[in-house]
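Down below is the structure, laid out as structure tokens.
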Amino acid sequence: MMEINVERPLVIDGVSLRSRLIIGTGGFARLDRFEAALAASQAEVVTVALRRVEHTEGGLYDLIHRHGARILPNTAGCMSAREAIDTARLAREAFDTPWIKLEVIGDRTSLLPDAVELLKAATELVRDGFVVLAYTTDDPVLARRLEDVGCAAVMPLGSPIGSGLGIRNPHAIAMCRQAVSVPLILDAGIGTASDAALAMELGCDAVLAASAISRARNPTAMASALALAVTAGHVAATAGRIPRLSHATASTEHAGLPDLGRLP
Amino acid sequence: MNVSLNGEPRVIDDGACVADAASHAGIDDGERGVAIAVDGLVIPRSRWAQTPLVEGQRIEVVRATAGG
């Protein structure tokens with residue numbers, strides 16, 4: 001691959017990351033498939049959930065460590081601030097990290113964030129010393145409120161978890177970008193590479209993808225594609241897109257066009 | 001004594017500690033990435049061996065799983 005000079009690394013909580021793709025672990029049928037996708041993604045941060053031991057297979061924690069990736073525990077499935085805070089405390093003890101991807105969902109059908117419980121949990125976790133990366137709706141006002149209470153990153157959804165619908169409201173993501181100065185990470189809804197590139201072009205600092213990789217026909221290939229797309233989108237955002245016009249604009253001067261006579 | 005281990009009723013020896021509950025749950029001594037809460041309170045691993053359990057407590061033993 002051509003070496004591209006990416007201007008600056010992503011910095012979360014003082015930690016410098018070269019990769020702007022964070023990957024999830026959900027949906028892989030086998031651990032070795034996840035491992036191949038992790039290698040292909042070149043991700044440096046991986047999010048994992050916590051469950052009772054009899055519902056889990058061992059080995060995931062060691063595998064991620066072996067690859068030198070950083071664990072970002074999450075509170076997937078939590079439906080109240082209380083539950084999310086207790087889960088975060090267990091995660092801090094299990095993984096020896098203050099980082100937490102805070103998810104507080106409002107119901108099990110839409111899996112959409114519960115704004116009220118989310119803000120409450122974020123406030124308490126920050127106070128307790130956690131580095132909170134908050135999964136949220138694509139609402140710029142809520143994004144700002146999450147930054148105000150001290151979240152280290154804000155993670156708006158592009159569309160519902162696992163839907164693969166991409167970014168349904170690009171304007172809202174662009175407004176979230178304007179609203180916060182902490183890292184903005186597009187979380188949920190990525191379906192394929194172009195969605196990830198769009199997120200970065202809209203000004204996101206990183207993208208999180210889980211189902212887009214694990215449920216792809218070829219997860220390893222999709223992990224590579226997303227890594228390339230995230231880089232492409234990031235560089236494109238730095239380069240600056242041209243304005244959209246409602247009319248054509250010639251890229252070639254009219255002056256100097258040779259006169260070859262009229263066609264019969 | 002009777003305790004609840006990950007939601008299931010279990011009878012464990014009187015005088016057992018949190019470390020014993022971990023082995024009951026199938027956790028090897030060296031396994032990393034595991035956490036335990038007793039009645040909702042996280043017990044740091046360094047204190048598993050010194051934290052006695054008492055009748056009726058709810059013990060949750062968790063580890064990393066794919067998800068989120």
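Side chains are part of it too, since the values below use all heavy atoms of this structure and drop only hydrogens, waters and symmetry mates. Proteins get letters first, then strands, A, B, ... in listed order; numbering begins at 1 in each.
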Given A/V48, A/L208, A/L90, the one with more heavy-atom pairs under 4.5 angstrom with chain B than any other is A/L90
### Message
More than 12 heavy atoms of other residues, nucleotides or ligands under 6.0 Å from CG of A/D128: yes or no?
### Response
yes
Item to complete: State whether the side chain of B/T65 and the backbone N or O of A/L50 hold a donor-acceptor pair below 3.5 Å, judged by distance alone.
Response: no
Surrounding CD of A/Q42 (heavy atoms of other residues, nucleotides or ligands, distance under 6.0 Å), is the total greater than 12?
no
Applying a strict 4.5 Å limit to non-hydrogen atoms, the region of A/A76 in contact with chain B is side chain
Legend entry - Heavy-atom donor-acceptor pair, A/R52 side chain to B/N6 backbone, under 3.5 Å: yes
If one checks every heavy atom of A/L60 against chain B at 4.5 Å, the contacting part turns out to be side chain
The complete set of salt bridge (Lys or Arg N to Asp or Glu O under 4.0 Å) pairs with one or both residues in residues 212-222 of chain A, sequence neighbours excluded, reads none
Against chain A, residues from residues 50-61 of chain B with at least one heavy atom under 4.5 Å, in numeric order, are B/E60, B/V61
Rounding to 0.5 Å, atoms CZ (B/R63) and CD (A/E54) come to a distance of 9.5 Å
With sequence neighbours left out, the residues meeting ring-ring contact (aromatic ring centres under 6.0 Å, His included) with A/F34 are A/F28
Expected contact set for residues 33-42 of chain B against chain A at heavy-atom separation under 4.5 Å reads B/G33, B/V34, B/A35, B/I36, B/A37, B/V42
Can you confirm whether more than 12 heavy atoms, excluding those of A/R89, are under 6.0 Å from its CZ atom? yes
